[in-house]
Amino acid sequence: MTFSRIVSTGMAFPRRVVTNHELAQTVDTSDEWIFTRTGIHERRVAGPDETTSDLAAEAGLMALKRAGMDPMDLEVLLVATITGDLPFPATACLTQTKMGAKRAVAFDISAACSGYIYGLSVADAYIRSGMYKNVLVIGSEILTKFLDWNDRGSCVLFGDGAGATLVTASETPGLKYVEIGSDGDFAELIYIPGGGSRVPTTHETVDAGLQYARLDGKEVYKLAVRYAQELTERALEKTGLTVNDIDLLVPHQANQRITDAVQERLGIAKEKVVTNIEYYGNTSGATIPVCLHEAVEQGRLKPGDKILLVAFGAGFTWGAAVLEW
Ligand code: UT7
């Protein structure tokens, strides 16, 4: 039997750090408000010439290098992003060229903060079906170029970055369980109203700021806590694991208070929960692969460890996965 397994990780961030104090100089906010309400202290912000595919290629090449794989041997390159370089073609194609992964099939996955878990499920299906033997799943975002820097309700929450994982065929799991889902009834809880076929870009739409992300933070907050609890409980039930069997919980980093609520409701020890929102804010599709990379770097993972991933985001989309490291 063939299973899929993550064999290496990578990450990339813009160099520029923007602290809450810096934001408070231009928006009516404070370090105290942002930190107590979200857990964020600072975020990375891309420069004018930095693109989502630049970060994706850097993180992707790091993951391939760590696995000792030549980019020319890569079969599938997936980029989970909602902040692509261009409306089309896919950011994955632009990333492919930058990586020199000439033989890979490359396409994007648009599932916002759940995008990486969606990508993992595609990789798993390809690998288990025998269609492909290796898939690079990257989450990469430059959200800061899609934010209204005068809207304190959204601009303080997000940051830029990329994470990558190489998933390959294996005789032992690997990925033990994955669930993904969507509900378009909630599409306008987090969205960008302009710039698409519904409201094409004009001078008027730009003046009205329709190119920027809008969110109903309170509603998302409530849904996120509810979904994360249901998803994690179902993942344990379906895999026959108990919360004590889980060595690491990697939740999407939207708000430290959401993470704390999920941790408490699940009854998992705080030390087993990965959090990095303090340094990066919410990096949407990049968050979970970055957390995995940092957990590897910090020596928090050893072979056989059970990892539970959970995410939710614009769409509304959600996903959960259980991995054996
Ligand atoms: O991954 C999916 C995307 N992520 C999300 O959608 C985020 C999910 N939601 C959240 O994390 C939280 O709902 C927020 C952090 C967005 C907001 O936290 P909250 O505790 O729900 O605050 P609130 O929206 O109820 O706002 C409380 C007050 C309001 O003032 P009034 O009406 O009480 O006078 C806001 O105007 O805080 C005000 N406020 C701010 N004050 C200072 C909102 N944003 C800010 C700010 N600085 N940045």
Side-chain angles (χ1 to χ4, degrees), residues 18-43 45 80-83 109-118 139-144 146-161 163 180-184 186-193 212-229 231-232 250-263 274-278 280-291 309-320:
V18 173
T19 62
N20 293 344
H21 289 295
E22 196 176 336
L23 274 185
Q25 287 166 19
T26 51
V27 198
D28 181 18
T29 189
S30 64
D31 175 54
E32 202 260 334
W33 191 97
I34 301 172
F35 187 66
T36 52
R37 296 289 178 122
T38 70
I40 301 167
H41 257 319
E42 59 191 42
R43 72 285 295 139
V45 175
T81 187
I82 47 165
T83 54
I109 292 186
S110 177
C113 307
S114 316
Y116 173 75
I117 297 181
Y118 272 55
S140 185
E141 306 280 9
I142 296 197
L143 286 145
T144 60
F146 297 84
L147 298 175
D148 177 353
W149 288 95
N150 296 311
D151 174 18
R152 67 179 185 176
S154 59
C155 76
V156 303
L157 301 174
F158 299 97
D160 305 332
I180 52 174
S182 344
D183 187 345
F186 296 111
E188 292 184 10
L189 280 185
I190 322 174
Y191 74 127
I192 294 184
Y212 297 130
R214 295 186 177 182
L215 71 135
D216 181 342
K218 265 201 167 357
E219 273 313 302
V220 177
Y221 189 102
K222 280 189 268 181
L223 282 172
V225 172
R226 199 183 89 209
Y227 274 79
Q229 180 180 8
L231 282 161
T232 48
V250 182
H252 173 58
Q253 311 280 307
N255 186 316
Q256 187 58 40
R257 289 186 295 142
I258 297 177
T259 298
D260 292 344
V262 174
Q263 176 248 322
V274 175
T275 62
N276 62 13
I277 192 168
E278 184 172 352
Y280 304 126
N282 178 352
T283 58
S284 190
T287 302
I288 289 188
V290 164
C291 286
L309 315 178
V310 64
F312 41 83
F316 207 69
T317 59
W318 58 87

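Treat the numbers as computed from the prediction; the structure is a model and nothing was measured. Just follow the structure's listing: the first ligand is 1, and inside any ligand the first atom is 1.
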Asks: Within the side chain of T317, is there an N or O that forms a donor-acceptor pair under 3.5 Å with the backbone of A111?
Replies: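 Yes, because the side chain of T317 sits within donor-acceptor range (under 3.5 Å) of the backbone of A111.
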Asks: Purely on distance, is any nitrogen or oxygen of F158 under 3.5 Å from one on ligand 1?
Replies: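 For ligand 1, there is no N or O atom that lies under 3.5 Å from one belonging to F158.
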Asks: Find the distance between CG (D160) and CG (L143) and round it off to the nearest 0.5 Å.
Replies: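 Spacing of CG (D160) from CG (L143) equals 6.5 Å.
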Asks: List every atom of ligand 1 that sits less than 4.0 Å from any heavy atom of T38, numbering the atoms from 1 in the order shown and giving each element.
Replies: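 So the answer, numbered in order with elements, is 15 (C).
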Asks: Starting from atom 39 (N) of ligand 1, locate the nearest protein heavy atom and write down its residue, its atom name and how far away it is, to 0.1 Å.
Replies: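 Closest protein heavy atom to atom 39 (N) of ligand 1: W33 CZ2, 3.4 Å.
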Asks: Please check atom 11 (O) of ligand 1 for a protein heavy-atom neighbour under 4.0 Å.
Replies: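 Protein heavy atom within 4.0 Å of atom 11 (O) of ligand 1: present.
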Asks: What is the nearest protein non-hydrogen atom to atom 21 (O) of ligand 1, stated with its residue, atom name and distance?
Replies: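 I find the closest protein heavy atom is K218 NZ, 3.3 Å.
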Asks: To which protein heavy atom is atom 16 (C) of ligand 1 closest, and what is the distance rounded to 0.1 Å?
Replies: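 For atom 16 (C) of ligand 1, the nearest protein heavy atom is L157 CD1, 3.9 Å.
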Asks: Would atom 31 (P) of ligand 1 count as contacted, meaning some protein heavy atom under 4.0 Å?
Replies: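 For atom 31 (P) of ligand 1 the answer is no, since every protein heavy atom stays at 4.0 Å or beyond.
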Asks: Heavy-atom contacts with V156 under 4.0 Å: which atoms of ligand 1 show up? List them by number with element.
Replies: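 So the answer, numbered in order with elements, is 48 (N).
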Asks: Can any side-chain N or O of W149 pair as donor or acceptor with the backbone N or O of T144 at less than 3.5 Å?
Replies: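 The answer is yes, because a donor-acceptor pair under 3.5 Å joins these two groups.
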Asks: Can you confirm whether R37 sits close enough to V156 that some side-chain heavy atom of one is under 4.5 Å from a side-chain heavy atom of the other?
Replies: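 Not in contact.
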Asks: Quick one: which ligand 1 atoms are inside 4.0 Å of a heavy atom on I190?
Replies: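 Near I190, meaning under 4.0 Å from one of its heavy atoms, ligand 1 has 2 (C), 3 (C).
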Asks: Closest non-hydrogen protein atom to atom 29 (C) of ligand 1, residue and atom name please, with distance?
Replies: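 I find the closest protein heavy atom is R152 NH2, 4.7 Å.
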Asks: Tell me whether R257 contacts the main-chain N or O of T38 through its side chain, where contact means a donor paired with an acceptor under 3.5 Å.
Replies: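 Pair absent, no side-chain N/O of R257 close to backbone of T38.
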Asks: With a 4.5 Å heavy-atom cut-off, do T259 and I277 have their side chains touching?
Replies: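 With C-beta onward as the side chain, the pair stays apart.
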Asks: Going by the atom numbers of ligand 1, which of them fall below 4.0 Å from some non-hydrogen atom of R37?
Replies: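 Numbered from 1, ligand 1 contributes 19 (P), 20 (O), 22 (O), 27 (C).
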Asks: Quick one: CD1 on I117 to CH2 on W318, what's the gap to the nearest 0.5 Å?
Replies: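 One finds 13.0 Å between CD1 of I117 and CH2 of W318.
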Asks: Report, in ascending order of atom number, the atoms of ligand 1 lying under 4.0 Å from any heavy atom of A254.
Replies: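 By the 4.0 Å cutoff, the relevant atoms are 1 (O).
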Asks: Any nitrogen or oxygen of N255, side chain or backbone, less than 3.5 Å from one on ligand 1?
Replies: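 Looking only at distances, the answer is yes, because the N/O contact criterion of under 3.5 Å is met.
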Asks: Any sub-3.5 Å donor-acceptor pair from T19's side-chain atoms to E42's backbone N or O?
Replies: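 Side chain of T19 to backbone of E42, a donor-acceptor pair under 3.5 Å: no, none is there.
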Asks: Is atom 46 (C) of ligand 1 less than 4.0 angstrom from at least one protein heavy atom?
Replies: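 Given the 4.0 Å cut-off, atom 46 (C) of ligand 1 counts as touching protein heavy atoms.
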Asks: At less than 4.0 angstrom from any non-hydrogen atom of H252, what atoms of ligand 1 do you find?
Replies: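 Taking each heavy atom of H252 in turn, ligand 1 has 1 (O) under 4.0 Å.
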Asks: Got the closest protein heavy atom to atom 6 (O) of ligand 1, with its distance?
Replies: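 The closest one turns out to be L215 CD1, 3.0 Å.
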Asks: I'd like to check whether T29 has a polar contact with ligand 1, where a contact means an N/O of the residue lying under 3.5 Å from an N/O of the ligand.
Replies: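 Yes, at least one N or O pair falls under 3.5 Å.
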Asks: Between S284 and E141, is there a side-chain donor-acceptor contact under 3.5 Å, judged purely by atom types and distance?
Replies: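 Their side chains do contain a donor-acceptor pair, which is all the 3.5 Å distance test asks for.
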Asks: As an exercise, identify every atom of ligand 1 less than 4.0 angstrom from a heavy atom of R257.
Replies: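 The atoms of ligand 1 under 4.0 Å from a heavy atom of R257 are 18 (O), 19 (P), 20 (O).
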Asks: So which heavy atom in the protein is nearest atom 8 (C) of ligand 1, and how far is it from that ligand atom?
Replies: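 Here the closest protein heavy atom is G217 O, 3.5 Å.
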Asks: At less than 4.0 angstrom from any non-hydrogen atom of N282, what atoms of ligand 1 do you find?
Replies: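 Once the distances to N282 are compared, the set is 1 (O), 2 (C), 3 (C), 4 (N).
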Asks: Would F316 and Y227 count as a close aromatic pair, with their ring centres under 6.0 Å?
Replies: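 So the answer is yes for these two rings.
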Asks: What distance do I288 atom CD1 and S114 atom OG have between them, rounded to the nearest 0.5 Å?
Replies: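 One finds 8.0 Å between CD1 of I288 and OG of S114.
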Asks: Are N150 and V27 side-chain neighbours, meaning at least one heavy-atom pair lies under 4.5 Å?
Replies: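 When only atoms from C-beta onward are counted, V27 and N150 do not touch, as no gap falls below 4.5 Å.
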